[in-house]
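Data first, discussion second: the structure below is written as structure tokens.
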Amino acid sequence: MCGRTACTLDPEEVSSASRYRNRHGQRRQPRWRDGDADKYRPSYNKSPQSFSPVLLSQRHFDKDASVDECVVAAMRWGLIPSWFREDDPRKMQYTTNNCRSESLLDKKSYKDPFLKGQRCVILADGFYEWRRQGKEKQPFFIYFPQSQPDSGLGEEEQRDESDVEFPPEEKASNIEEESETDKWTGWRLLTIAGLFDCWKPPGGEEPIYTYTVITVDASPNLQNIHDRMPAVLDGEADVRRWLDFGEVKSSDALKLLQPTNILTFHPVSSLVNNSRNNSPECLQPVDPQAKKEPKPTASSKMMMSWLKDSSSSKRKEPSICDATTREQQPKAKEDLKSSGTLENWLKSASKKARID
């Protein structure tokens, strides 16, 4: 399952980190859907009912757009079926935060949007999962390895051109070369397969776009934490195929939902257990054998130091409680630092805290 994520990039950085290649191999940077950048707030601890950045085809909003043209939207976690007729989503008799890939076609809530091509990619720094240890549960933060710089959603440049299927006559001429300043070298976002739907409240209020995270059996390296994991799309080729509902049929899209054995992880503090806790400490590697309240480590001291020195003016502050709406939400006292610093911090975290 997946019940908590983190996405600490500001809206502009999310757009830069979500660059993709279209059917012709041309690299594009998706823009935010009008007004949606204001709905999204960076957070170290996102729970269901909060808004997350989601990548999807622009065709879902503009019938004249090309299917392989993508846009970033802010959607609420927890799918509300378009056919739901109650006036309050809280009246739903079941949760739709996660959707098991095996039963995706067995439940109307998921089958309808799937067959309509309403596929999306949830963007996150990573997700949290809990391993039961006796009467307690040890939380872990799980994410893509960050060992090499990235230029967008996928892996290294040499893998991009070999994985994406371009027409032979267009492969060499239509691939746009990026300058070093254009490449995204920050945190590589996790790309999770999901489904979305649009619910129109019976009272005539503004339509609400919501999503569900598709889950699969856990990969071998994660099975000792939990038996399920999000369906992670590894690389630009898989992301493009999942989103391109015009070219990739539903039956072929299902084949992309497989366990991903390349994710890395480390244990984190139980602070993340409470969704109201939204601070860098949620991501900090800890020694699971230590006491519940670990002493400050070199990495945590370094993080707090650069947080105090942060002078970023464009990054939004994380809310203390990232709930269903953002009305009158208090703001955290410290700004989030650049994604590059977050990457460096996790890279330099204590090796002893990492579980292989």
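The basis for the numbers below is simple: all heavy atoms, side chains too, and nothing from hydrogens, waters or symmetry mates.
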Going by salt bridge (charged side-chain N to carboxylate O under 4.0 Å, His left out), name the pairs with one or both residues in [range], residues two or more places apart or in two chains.
range            : answer
residues 200-212 : Lys39-Glu206
residues 209-219 : Asp217-Arg228
residues 259-271 : none

Set of salt bridge (charged side-chain N to carboxylate O under 4.0 Å, His left out) partners for Asp106, sequence neighbours left out: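 Salt bridge (charged side-chain N to carboxylate O under 4.0 Å, His left out) list for Asp106, sorted by chain: empty.
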
Pairing residues for Trp32 by the ring pair (Phe, Tyr, Trp, His ring centres under 6.0 Å) criterion, not counting sequence neighbours: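 Counting only residues at least two positions away or on another chain, Trp32 forms a ring pair (Phe, Tyr, Trp, His ring centres under 6.0 Å) with Tyr40.
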
How would you list, by chain and number, every residue that makes a side-chain hydrogen bond (donor to acceptor under 3.5 Å, both in side chains) with [X], sequence neighbours excluded?
X      : result
Lys108 : Asp112
Glu247 : Arg240
Asp197 : Gln118
Lys63  : none

Over all atoms of both residues, closest heavy-atom pair of Thr260 and Asn221: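 Residues Thr260 and Asn221, closest heavy atoms: O-OD1, 4.4 Å.
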
Contacts of type side chain to side chain contact (heavy atoms under 4.5 Å, CB included), residue [X], not counting sequence neighbours:
X      : value
Leu256 : Leu233, Asp238, Arg241, Trp242
Ala124 : Thr5
Pro259 : Val216, Ser219, Met229

